[in-house]
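Notes follow once the structure below has been shown.
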Amino acid sequence: AGAARVFSRMEAAGAAPSDADCSLLLHLCGITTPPDVALAARVWEAARAAGTPLHEPSWSGMIRLMCAHGDVARAQALLADMLQGSCADR
């Protein structure tokens with residue numbers, strides 16, 4: 001609930017999530033039961049749409065979250081994107 005509230009405030013202020021914001025929010029989405037995949041997708045898409053350079057912790061957080069959710073195909077697609085250079089660390 002806290003992560004959703006923080007992200008909603010960011011959206012209302014027109015603030016795109018930084019890499020650190022994205023990583024932290026994805027972590028919080030992943031530790032809920034069940035994982036908050038809908039919020040994670042909103043955070044991820046907002047960061048990507050804003051052109052935020054996302055580093056390995058954000059990428060691995062989203063990949064882990066998709067695995068925990070059982071969406072292995074999405075996790076594999078994210079991993080492929082990461083390895084093909086979408087990750088700011090590459």
Task: Members besides Val72 in its Ile/Leu/Val/Met/Phe/Trp/Tyr cluster (side-chain heavy atoms under 4.5 Å) - done: none
- [ ] Spell out, as yes or no, whether a donor-acceptor pair under 3.5 Å connects the side chain of Asp21 to the backbone of Ser18.
- [x] yes
Open item on the list: Quick one, Pro35 and Met66 - any side-chain contact, counting heavy atoms below 4.5 Å?
Closed with: no
Open item on the list: If we ignore hydrogens and angles and just use 3.5 Å, is the side chain of Trp44 paired with the main-chain N or O of Met62 as donor and acceptor?
Closed with: no
- [ ] Identify the heavy atoms of Leu65 and Leu26 that sit nearest to each other, and give their distance.
- [x] CD1-O, 3.6 Å
- [ ] First locate atom OG of Ser58, then atom CE of Met82, and finally report the distance between them rounded to the nearest 0.5 Å.
- [x] 10.0 Å
Task: Side-chain heavy atoms of Met10 within contact of Val6, under 4.5 Å - done: yes
Task: Ser60 vs Glu56 side-chain heavy atoms within contact, under 4.5 Å - done: yes
Open item on the list: Would a single hydrophobic cluster contain both Leu24 and Ile63, if residues Ile, Leu, Val, Met, Phe, Trp and Tyr are joined by side-chain heavy-atom contacts under 4.5 Å?
Closed with: no
Task: Leu83 side, atom CG; Trp59 side, atom CH2 - distance, nearest 0.5 Å - done: 9.5 Å
Open item on the list: For Val43 versus Pro17, what's the shortest heavy-atom pair and its separation?
Closed with: O-CG, 3.9 Å
Task: His27, NE2: over 12 other non-hydrogen atoms inside 6.0 angstrom - done: no
Task: In one Ile/Leu/Val/Met/Phe/Trp/Tyr side-chain cluster, 4.5 Å: Val37, Leu28 - done: no
Open item on the list: Could you tell me if the side chain of Leu54 sits less than 4.5 Å from the side chain of Cys87, heavy atoms only?
Closed with: no
Open item on the list: Measuring from atom SG of Cys22 to atom CZ of Arg48, what distance do you get when rounded to the nearest 0.5 angstrom?
Closed with: 9.5 Å
Task: N/O donor-acceptor pair under 3.5 Å between Ser23 side chain and Ala20 backbone - done: no
- [ ] Check whether the side chains of Thr52 and Asp19 place a donor and an acceptor atom closer than 3.5 Å, and report yes or no.
- [x] no
- [ ] Under the salt bridge (charged side-chain N to carboxylate O under 4.0 Å, His left out) rule, collect the residues that match up with Glu11, sequence neighbours excluded.
- [x] Arg42
